[in-house]
Structure formats: C-alpha cells, structure tokens
Amino acid sequence: MDFENFYPGSFDQPKGVIKVIGAGSIRVEPDIALINLGVITEDMSLEKAQAENAARSISMLGSLYRLTIPKKDIQTLIYDIQPQYDFVEGRQVFRGYRVTNILTVTIRDKNSVGRVIDTATANGANRVENIRFEAENPSVYYKKALDTAVKDAAAKAREIGYSLGVQINPVPFRVSEITYSPVV
C-alpha cells in the first residue's frame, strides 16, 4: 500500500512529499478444499466414447452425492471431445475420439479429501488433479489485510514526520494499492 502525504501547504504546489509503503497480511486457515475430478474415455466410435464417459460420470456423481456433497458444490470445469491421431511415417492416422469430462468439487470437510478421491476413482473417475485448500470467503480477510496496510502506512508517515519535526497532513494526497500473493 503506497501512502503519500504532504507537508502542510497547498496541494497544488506541495513543499515536499513523504512516500511510505504499508504492509498488511492475514494468515488464514483454509476451510474448504477444491479438487478437479474427471472421466476421460477413448474409442474409435464417438458415440461409444460419449456413452462410456456419460455412464462413468453418472456413477462418479452418484458416489459423490452419497458422500453428501451437494449438487451446488459440483461444477463442470471442462467437457471436451477431440479426435486423436498418431503420426506414423509422417502421416496422420486416426486413432479414435477422446471425451473428457472434468468437474470441480468443493469439499467442505477438509479431512474427507482422501475419502472423496478414493470414492470417485472407485466409481469411474480416472483423472484427479489440482487439489487446493482455500478460504471460502477470502474478501473478508483481504479487507482486514488492507486495513492493516493502511494503518501501517499512516503510522510510518506520522513517525517520519515526527522525526523530521514537521506536521503531516492526516489526509493522504494519494493512495495506491499494490497487491501480491506470496507463495506458501
């Protein structure tokens, strides 16, 4: 958070500028897990590839519902049909069709991630990817971190003003937000 403050005087012709950067971070315990689960099938016949994919996807979905994962927590991420080719001696040779159905599943009981994966794969899923743990409502924590950064910048500006023996305008001339997400 950049926080610029000026010495007393005209805002049109400021006598000086104090530029400080305030930092604010909040450590949050994730309360949900998100995981991508899917079914990928291949066959020379598009109809057969789609039918097998649909049957396995329905089986996987049923198993997730039996684990009491609500429908609202299961969303389609990708549904894709692609012809597949091999290259033999410089020529393209048709190998069949690939049908992909990937779902994003929100798991509210973080301790059941392994059970969800085991159940889904036992019931048709053959693709498991991108397991992530997150806070369900990150904006609450973001606002707290932003408030902390503003207070940090204001305190720094006041301290610098005190050290220089000048008064600081309590209303900043400009505030710029700079964000980054640290890798944990």
Side-chain angles (χ1 to χ4, degrees), residues 1 22-151 176-184:
M1 173 70 58
S25 64
I26 302 290
R27 195 158 190 85
V28 178
E29 181 73 27
D31 54 359
I32 61 171
L34 292 107
I35 185 168
N36 295 344
L37 298 169
V39 175
I40 299 173
T41 54
E42 291 186 8
D43 198 283
M44 288 297 286
S45 161
L46 177 57
E47 292 78 18
K48 286 181 182 177
Q50 284 180 300
E52 180 187 351
N53 194 287
R56 291 175 66 172
S57 294
I58 289 168
S59 176
M60 175 184 64
L61 278 169
S63 73
L64 296 175
Y65 296 148
R66 285 188 297 279
L67 290 175
T68 67
I69 296 175
K71 289 181 181 182
K72 71 178 181 70
D73 288 343
I74 301 171
Q75 297 179 344
T76 300
L77 177 65
I78 298 169
Y79 185 83
D80 186 44
I81 299 172
Q82 289 187 5
Q84 301 295 298
Y85 296 93
D86 287 327
F87 290 91
V88 179
E89 297 177 6
R91 294 180 340 152
Q92 228 181 1
V93 177
F94 180 70
R95 190 177 76 217
Y97 293 95
R98 174 180 288 164
V99 178
T100 303
N101 184 13
I102 306 290
L103 307 173
T104 299
V105 179
T106 301
I107 303 168
R108 298 189 182 284
D109 175 9
K110 297 180 306 181
N111 296 322
S112 67
V113 170
R115 187 174 53 140
V116 170
I117 292 170
D118 292 346
T119 300
T121 55
N123 288 278
N126 58 4
R127 183 79 175 251
V128 177
E129 59 190 24
N130 201 19
I131 301 169
R132 38 203 201 282
F133 295 88
E134 299 179 2
E136 185 170 16
N137 190 0
S139 65
V140 170
Y141 306 108
Y142 174 77
K143 289 175 184 174
K144 286 181 182 179
L146 191 59
D147 182 60
T148 302
V150 169
K151 288 176 180 172
S176 303
E177 180 181 8
I178 302 168
T179 62
Y180 73 96
S181 297
V183 177
V184 181

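The figures here come from the full heavy-atom set of this structure, side chains too, leaving out hydrogens, waters and symmetry mates.
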Undergrad: Do you know which two heavy atoms are closest between Gly24 and Ala149, and how far apart they sit?
TA: N-CB, 3.7 Å
Undergrad: Can you find a pair of side-chain heavy atoms, one from Arg127 and one from Leu37, that are under 4.5 Å apart?
TA: no
Undergrad: Okay, side chain of Ser112, backbone of Asp109: is any donor-acceptor separation there less than 3.5 Å?
TA: yes
Undergrad: Might you point out which heavy atoms bring Ala145 and Ile26 nearest each other, and give the distance in Å?
TA: N-CG1, 3.5 Å
Undergrad: Begin with the C-alpha distance, continue with both residues' side-chain angles, and end with the deciding distance and a verdict on side chain to side chain contact (heavy atoms under 4.5 Å, CB included) for Arg98 and Ile81.
TA: CA-CA 6 Å; Arg98 174 180 288 164; Ile81 299 172; over 6 Å; no
Undergrad: Give me the one residue out of Ile117, Val113, Ile131 that meets side-chain contact (heavy atoms from CB on, under 4.5 Å) with Ile107.
TA: Val113
Undergrad: Shortest non-hydrogen contact from Tyr97 to Leu46?
TA: CD1-N, 3.5 Å
Undergrad: Enter the distance from Ile74:CD1 to Leu61:CG here, rounded to the nearest 0.5 Å.
TA: 5.5 Å
Undergrad: Mind listing the closest non-hydrogen atom pair of Val28 and Ala135 along with its distance?
TA: CG1-CB, 3.8 Å
Undergrad: What distance separates Asn126 CG from Ile40 CD1, expressed to the nearest 0.5 Å?
TA: 5.5 Å
Undergrad: What's the separation between atom CG in Leu34 and atom CD in Glu136, rounded to the nearest 0.5 Å?
TA: 9.0 Å
Undergrad: Any pair with a residue in residues 84-97 that passes salt bridge (Lys or Arg N to Asp or Glu O under 4.0 Å), sequence neighbours left out, goes on the list, sorted by first then second residue, please.
TA: Glu42-Arg95, Asp86-Arg95
Undergrad: Test of understanding: with ring-ring contact (aromatic ring centres under 6.0 Å, His included), list the residues that count as partners of Tyr85, not counting sequence neighbours.
TA: Phe94
Undergrad: Say you draw a straight line from CD1 of Ile32 to CD of Glu134; how long is it, rounded to the nearest 0.5 Å?
TA: 5.5 Å
Undergrad: Quick check against the 3.5 Å criterion: does Asn130 have a side-chain atom that pairs as donor or acceptor with the backbone of Asn36?
TA: no
Undergrad: Take Val105 and Ile69, measure what side chain to side chain contact (heavy atoms under 4.5 Å, CB included) needs, and give me the verdict at the end.
TA: CA-CA 8 Å; Val105 179; Ile69 296 175; 4.0 Å; yes
Undergrad: So which heavy atom on Ser139 is nearest to which on Asn137, and how close?
TA: OG-OD1, 3.0 Å
Undergrad: Considering only heavy atoms from C-beta outward, does the side chain of Glu129 approach that of Ile102 to under 4.5 Å?
TA: yes
Undergrad: Hey, is Lys143 close enough to Asp147 for a salt bridge, meaning N to O under 4.0 Å?
TA: no
Undergrad: Going from CG on Leu103 to CG on Leu64, what distance comes out if it is rounded to the nearest 0.5 angstrom?
TA: 7.5 Å
Undergrad: With a sphere of 6.0 Å drawn around CD of Gln75, does it hold more than 12 non-hydrogen atoms of other residues, nucleotides or ligands?
TA: no
Undergrad: Just by distance, do the side chain of Lys110 and the backbone of Pro30 share a donor-acceptor pair under 3.5 Å?
TA: yes
Undergrad: Nearest 0.5 Å please: distance from the CZ atom of Phe87 over to the CD atom of Gln92.
TA: 4.0 Å
Undergrad: Side-chain donor-acceptor contacts of residues 52-59 below 3.5 Å, not counting sequence neighbours, with atom names and distances?
TA:
residue: Glu52; atom: OE2; partner: Arg56; partner atom: NH1; Å: 3.4
residue: Asn53; atom: OD1; partner: Ser57; partner atom: OG; Å: 3.2
residue: Asn53; atom: ND2; partner: Val39; partner atom: O; Å: 3.0
residue: Asn53; atom: ND2; partner: Thr41; partner atom: OG1; Å: 3.4
residue: Asn53; atom: ND2; partner: Val99; partner atom: O; Å: 2.9
residue: Arg56; atom: NE; partner: Gly124; partner atom: O; Å: 3.2
residue: Arg56; atom: NH2; partner: Gly124; partner atom: O; Å: 3.0
residue: Ser57; atom: OG; partner: Asn53; partner atom: O; Å: 2.9
residue: Ser57; atom: OG; partner: Asn101; partner atom: ND2; Å: 3.1
residue: Ser59; atom: OG; partner: Asn123; partner atom: O; Å: 3.0

Undergrad: Before you tell me yes or no, could you show the steps for Val128 and Thr121 under side chain to side chain contact (heavy atoms under 4.5 Å, CB included), namely the whole-Å CA-CA distance, both residues' side-chain angles and the distance that decides it to 0.1 Å?
TA: CA-CA 8 Å; Val128 177; Thr121 55; 3.7 Å; yes
Undergrad: Indicate the atoms forming the closest heavy-atom contact of Ala120 with Met60, along with that distance.
TA: CB-CG, 4.0 Å
Undergrad: Please answer whether the main-chain N or O of Thr100 pairs with a side-chain N or O of Asp80 as donor and acceptor at a distance below 3.5 Å.
TA: no
